[in-house]
Amino acid sequence: MVRSISTALATVGLIFASSAQSGTVFENQFGEWRVYNKAWLGVCPMEHVPTADRSVSYYSTHCWAVAGTLLANEFNFPVYSFRIYRDRTDGSMEISFTHAPLEATDRLDQSRPLVLKVDNGPGFTLDFANDLETRHNTVNVYYPKNRETTDALVNAMRAGANLAVTVPLLRDGEATEDTASIWLYGIRASERFMRAYANGQP
């Protein structure tokens with residue numbers, strides 16, 4: 001069965017509920033600056049450690065924004081989410097896609113590609129073996145390996161309204177797919193927040 005999963009709200013908002021007004025930067029209990037921008041939640045840790053090891057984590061060196069599915073798994077994590085990161089020192093961008101399975105029998109079918117499509121523009125077909133990689137000891141978070149692909153996708157997302165992610169799956173051993181729709185409303189405001197808070201509160 002092929003499922004189409006729509007998205008609307010900042011994914012982490014499902015986990016860390018806040019009464020903060022959309023577009024208003026606030027400090028949370030974890031020592032982070034945060035802001036809700038429509039479909040996206042922007043985060044900048046108050047402590048910036050530019051010399052921290054980026055191969056271990058981006059937490060101390062980057063700000064990020066995340067959006068994903070309202071559909072959550074048993075641990076209350078969105079089944080599919082998308083994240084953009086901004087290096088707080090040089091402004092370079094990274095992107096990741098996370099799969100937190102809804103069903104215990106769901107597995108990514110890495111013999112088929114992940115397909116990303118912004119609005120009606122050209123698609124980005126990413127092969128798990130050659131175009132994507134996991135980082136930071138994670139097993140379900142995938143990053144494009146290629147800098148040109150990352151930059152092209154970021155630029156497309158900035159100009160678009162919707163990102164459709166076609167996810168190849170094995171469900172109960174049968175090949176199928178989900179299509180997750182990630183709203184892009186609020187992504188540009190989230191980037192402005194990440195720039196402004198790169199070195200702490202402006």
Side-chain angles (χ1 to χ4, degrees), residues 7-70 72 75-78 80-100 116 118 133-138 140-144 147 149-161 163 165 182-202:
T7 64
L9 300 175
T11 55
V12 181
L14 297 173
I15 305 165
F16 303 116
S18 171
S19 60
Q21 184 178 5
S22 180
T24 301
V25 178
F26 63 97
E27 179 185 348
N28 75 352
Q29 67 267 37
F30 304 108
E32 300 165 342
W33 297 108
R34 292 189 172 191
V35 62
Y36 291 95
N37 291 307
K38 299 185 183 296
W40 292 78
L41 171 64
V43 181
C44 268
M46 298 180 73
E47 184 179 10
H48 175 207
V49 187
T51 57
D53 186 353
R54 288 164 170 77
S55 68
V56 175
S57 171
Y58 285 157
Y59 187 85
S60 297
T61 58
H62 288 64
C63 299
W64 62 90
V66 58
T69 59
L70 290 175
F75 302 105
N76 207 28
F77 283 98
Y80 302 112
S81 59
F82 214 81
R83 190 174 299 217
I84 59 172
Y85 309 78
R86 187 180 192 274
D87 189 303
R88 298 173 76 160
T89 300
D90 64 19
S92 61
M93 302 293 290
E94 297 289 348
I95 289 175
S96 70
F97 164 78
T98 300
H99 175 221
L116 312 173
V118 177
E133 64 184 3
T134 57
R135 300 175 187 170
H136 310 145
N137 297 319
T138 62
N140 66 332
V141 183
Y142 298 87
Y143 300 78
R147 168 53 53 189
T149 299
T150 297
D151 291 344
L153 186 52
V154 168
N155 288 333
M157 291 168 63
R158 287 168 177 157
L163 172 66
V165 185
I182 309 292
W183 284 12
L184 298 176
Y185 302 112
I187 193 170
R188 289 184 292 277
S190 296
E191 282 204 76
R192 290 194 295 271
F193 158 76
M194 290 190 287
R195 287 194 297 270
Y197 281 77
N199 296 309
Q201 186 176 13

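Applying the disulfide (SG to SG under 2.5 Å) rule to pairs touching residues 28-65 yields C44-C63, sequence neighbours excluded.
Donor-acceptor pairing under 3.5 Å is recorded for the side chains of E32 and Y59. Side-chain contact of S96 with Y85: a donor-acceptor pair under 3.5 Å is present, judged by distance alone.
Ring orientation note: the planes of F97 and Y80 are close to parallel, at an angle under 30° on the 30°/60° scale. Note: W183 and Y185 have perpendicular aromatic rings, judged against thresholds of 30 and 60 degrees for the angle between ring planes.
Screening R147, R86, H62 for a side-chain hydrogen bond (donor to acceptor under 3.5 Å, both in side chains) involving E94 leaves a single residue, R147.
Looking only at distances, a side-chain donor or acceptor of N140 sits under 3.5 Å from a matching main-chain atom of H99. When atom types are taken as modelled, the side chain of T138 and the backbone of T134 share no donor-acceptor pair closer than 3.5 angstrom. Distance alone, capped at 3.5 Å, places no donor-acceptor pair between the N37 side chain and the W40 backbone. The backbone N or O of R54 lies less than 3.5 Å from a partner atom in the side chain of H136, making a donor-acceptor pair.
Between D151 and L153 there is no side-chain heavy-atom pair separated by less than 4.5 Å. In this structure, T61 and R88 have side chains that are not in contact, with every pair of non-hydrogen atoms separated by 4.5 Å or more. A 4.5 Å side-chain heavy-atom check between V154 and I95 finds at least one atom pair inside the cut-off. When side chains are defined from C-beta on, L163 counts as touching F82, because their heavy atoms get closer than 4.5 Å. In this structure, the side chains of V118 and L184 come closer than 4.5 Å at one or more pairs of heavy atoms. Side-chain contact between E191 and I84 is present, with at least one heavy-atom pair separated by less than 4.5 Å. Taking 4.5 Å as the limit, some side-chain heavy atom of V25 sits within range of a side-chain heavy atom of F193.
Of all the heavy atoms in A39 and A67, the pair that sits closest is O-CB, 3.0 Å. Across every non-hydrogen atom of A100 and P78, the tightest pair is CB-O, 3.5 Å. Pairing each heavy atom of T149 with each of P144, the nearest pair is CG2-CB, 4.3 Å.
The structure places CE of M46 at 4.5 Å from CH2 of W33, a figure rounded to the nearest 0.5 Å. Taking OH of Y36 as the reference point, atom OG1 of T24 lies at 12.0 Å (rounded to 0.5 Å). Rounding to the nearest 0.5 Å places CD1 of I187 at 11.5 Å from CZ of R192. Distance check, rounded to the nearest 0.5 Å: OH of Y58 to OH of Y143 gives 6.0 Å.
The side-chain hydrogen bond (donor to acceptor under 3.5 Å, both in side chains) search around E133 returns R135, not counting sequence neighbours.
The environment of CD in E27 is crowded: more than 12 heavy-atom neighbours from other residues, nucleotides or ligands sit within 6.0 Å. Heavy atoms from other residues, nucleotides or ligands lying under 6.0 Å from CG of D53 number more than 12.
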